[in-house]
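Structure first, then comments.
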Amino acid sequence: MGGGTPFSEATAGASSYPQLNFTPKGQQIRNIYQDRLKQFTAPGQYESKNLRSMFISDREDSGEYVKLQVYSVPDLKRIPFDEAVKSEFKSTSKGQSFGPSWSTHWFKVRITVPTRMLKQERLEFHWDGNCEGLVWTKEGEPVQGLTGGGERVEYQIPERWRDGKEHLFYVELACNGMFGNAPGGDSIQPPDPNRYFQLTKADIVAPNLQAQGLYIDFWILGDASREFPGDSWEAHTATQIANEIVNAFVPGSQESILKCRNIAARYLGGKVDSAKVYDSDLEPVVYGIGHCHIDTCWLWPFDETKRKVARSWSSQCNLLDRYSEHRFTASSAQQYKWLEQYYPKLFERVRNHVKKGTFQYIGGSWVEHDTNMPSGESLVRQFILGQRYFQSRFGERCTTFWLPDTFGYSAQLPQLCRLAGMTRFLTQKLSWNNINKFPHTTFNWIALDGSQVLCHMPPSETYTAQAHFGDVKRSVTQHKSMGEDATSLLVFGHGDGGGGPTAEHIEKLRRCRGMSDTIGLLPRVKMGDSVDDFFSRLEKKQVSAKKFVTWYGELYFELHRGTYTTQSNNKKNNRRAEVALKNLELLAAYASLSSSYGYKYPKKDIDELWEIICLCQFHDCLPGSSIEMCYRDSDKLYAELFRRCGELINAAGLALGIKSAPGSDTKPFAVNTLPWDRTELIKLPKEVAGACQKGADGSEYGFLGSKGLVQISEDGPKVTVTETTKDVYVLANDKLQVTVQDGVITSLIDRELEREVIPEGARANQLVIMDDKPLYWQAWDVEVYHLETRRELPAGKVSICENGPYRASVLVETRISKTSWIKTVISLQAAANGAGSSVEFDNEIEWREDMKFLKVEFPVDVHNTEVSNPAVSQERGILLTFQASYETQYGIVRRPTHYNTSWDMAKFEVCCHKWADLSEHDFGVSILNDCKYGFATVGNVMRLSLIRAPKAPDAHADMGRHTFRYAILPHHGPVGETTVRMAIAFNNPLQLGYVAASEMESVSKLMSTISIGGGSKSIVMDTVKRGEDDEDVSTGGIPTRRRRSLVVRFYDSLGGKGSTTIHTKLPVKAVYKTNILEDDISEVALAETATGHKCFKITLRPFEIATYRLQL
Ligand SMILES: [Zn+2]
């Protein structure tokens, strides 16, 4: 025996160093010693002899100890606990399969802990139905969510059940996976209606806690060996220690496991088995927060989400009880409300954790909504409903807006956040950009009006981190704002389909922290804080608010551009519902403050209807990325909304003296809910006599304005259509002349300016179709290459439809394919009383295509000069333009019309609201629409996106019949109030009502309860409603305010500081400027006009949203 004492135990002094060595020792071959580590914990050929063989100390599943009975609920119904337990159960066993997809099966589970297991350290019941499940106590309390497929299968058996007696509980089995019911491995494919799930585990289990602890130790050690830099001593040491553990392990020996854990502690520290690992003063860099993203609908319907919430949050309550350092955050007031409604006992448990600060609500909005398409008022309502819910249930509002998964972020969100009491914003979705990398992690994000929020995008680039070593590491390596501040959030836990953190995640983070404090190199992670703590520290660090980098304007998401168009019917419902609610609130507010008939403002109904709109704006619903089932649900919700809204509008109208049907003494009355005078051509029922024109469908038209039906004299304004030569039609009124040739517009002349709008040889209202096969996410994405497959659709038959004097039109019939067609009525109105300056297009389409995209193009002879010193290029003899304007919430976004850089190119398809515009000095063209959101302006071609045909996750998305309208509006001057107002009116046409002749004047006065005087025409009065907390309308939960008030919201629509005077006929005592939650900010001076009415002056900065509360 040579070599003597091992090196590590060598004693000091050169004389003791062995002189002779006859024991060869080779250098380790690194990859072999690294690869070897895997076999210590992997399933497979070594499983019976590796650590895995010791995970479980004992297991029992025999019928003597585990008795199972099942009740399979018929008709895919989801029934409450009380109903389920009264049903007839029949016996069943492990190994059986349950289905079909979406069905529910209730299990009665009776277990007796065998005597031999009574002394085990911990007892669990393992249930694996390979689909989702929820454990209920026999008293009806949901206590543990189950995921299935090996993931989250354990329910901790209560200590008091170690009594040798039989105990009962229930499992509610839901036949869907975490990601719905897609066949095969591709979760976005339409669900298979016929999936069955096998119950593979129903066992009483005694886990070996030390063996499982070693498993996590070893996992993190292995990661350190593989993921630390290869030239670092930290990586080498991890490899050595992990190999030492493998060598020391003896299968079947608990003693060897303890020995192995001691070896691991040399690298991980000795405190990883408790939260004490976090007890050190060393400065952390990464702040871990448990989270569970539950899509409110997506690959499953709303009703399944209600259960996902209960499953996920009950599991989290258990983890919060078990792990003192664990903190869990969840957003969406709607999900809390569902929990409160359907799971009151669990809601109380959550509320207790909220009180302790361990369960942290966040976000302040009703759901995690889309922010591209909802109207400004919808975004406001997301916050009003959300913040008021949180305040009423938990006492405080949120301070952080939370949208980790939404598909792009409107330029006005920072302003809205600030007006909703929130100073912070979190997302990470821009890490999905597929063209440009977003350059910041922590920065000030600034709205169109200059308002800012502090924004953080977790550098681990996910909201569903698995708390891996790599996630912690990437929190530093991918951090892009280290120059300002190196800290970051790590948002971890299973998500999208719910779930949240597991014990394993929390255990892994303990090891990561232990490693940071013992060895170093890995960023130090901390648990136990909240997201608000994290932001508060950042805010403190930058007291001057100037430390962080700034980003002005929208956070455009360079992906999912198809979501502006997919599920067009759903989008149309959204637009219509937003308009309907606006009209309802204004009429109901006026009626409630003026009526002597005891009319009561229907606050509860209005709240419920807004809840529907806000729910359907969820970020997979409105964007069109959910399965077919979800749209069947939203169709029903909208139908209910329109029915109720119609009834409520009629009731409010009646209280104001406006009837919905003509009577013997009534006259037609223009119900105008917009704050400017309007005269519009409307369809009149037969009973109403007027100066009319027969329409193509036999109905009659008349011009209606504030004085009732407008009589137009024989020589008054007219519109005509003539077929000048074969198949060439010319429509003309006093303002415009339109030539339709081969079904497209070849000339559009502004007669006042004698200016041609269409470039020579170009074709406007040209329908084009493209192949639409994005890289993967069908419903979500349209990829840039679709433009290369552009094909013009030739029109078929063209015929005269209506021929003046009030409306003239031609019908263009276009065949898209054997199964699809579109009929377009191109119309012009007589230019009476301000009307008639746009060309309208009414479309009906039968759409049966596969993976195609239909758009309509308007090439225009307009040269944008907003960029100084523009480089000029030629296309069809027309100068290329540089910026187009698009309506967004409460303002305008300008986007390039060229592909100069990859950032410009990325915006090849963008979101617009009611209009898009291309203007030059003194002239421009706007395209208005009544329900579309996708647009592109390339060079001088304006292109409105009409309809798509993706096949996943809804195989039938957009198939069938649709109607939609758009218009082309040439205008003098740059984009201005003409476009803004006409687009609003295009979406909210005058409604016909009937008022007793004797009451015309008084009703007209009531309808102008609030009016805008002279001054800036860019100021839009957008919303009129009653105060949320008025004592006569409050629905409870939040302290009321004495007396009644009217809330009026304005915004500057064009981007310039402006002032105007607001007049009211109400006996107003005081006026306050408020935030959008209606907290008073400052009092506004009130004056009196010569006629004795009250008035007050308002001044708005560019694109400001300003809310005023008029106290009566
Ligand atoms: Zn999501």
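Throughout, numbering of the chain's residues begins at 1 and tracks the sequence. Given the structure is predicted, the values throughout are model-derived calculations rather than measurements. All heavy atoms count here, side chains included; hydrogens, waters and symmetry mates do not. For ligands, and for the atoms within them, numbers begin at 1 and follow the listed sequence.
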(message) Between Arg418 and Thr423, is there a side-chain heavy-atom distance shorter than 4.5 Å?
(response) yes
(message) Could you check whether Arg576 makes a cation-pi contact with Tyr638, meaning its NZ or CZ is under 6.0 Å from the centre of the six-membered ring and within 45° of the ring axis?
(response) no
(request) Any salt bridge (Lys or Arg N to Asp or Glu O under 4.0 Å) involving residues 373-387? Give me the pairs, sequence neighbours left out, ordered by first then second residue. (result) Glu377-Arg381, Glu377-Arg1049, Arg381-Glu585
(request) Could you tell me whether Lys907 sits above the aromatic face of Tyr556, with NZ or CZ closer than 6.0 angstrom to the six-membered ring centre and within 45 degrees of the axis? (result) yes
(request) Spell out the protein N/O/S atoms under 2.8 Å from the Zn ion (ligand 1) as residue plus atom name. (result) His293 NE2, Asp295 OD1, Asp405 OD2, His619 NE2
(message) Taking the basic N atoms (NZ, or NE/NH1/NH2) and the acidic carboxylate oxygens, is any pair closer than 4.0 Å for Glu783 and Lys773?
(response) no
(message) Would Arg948 pass as a cation-pi partner of Phe853, given that its NZ or CZ must be under 6.0 Å from the six-membered ring centre and within 45 degrees of the axis?
(response) yes
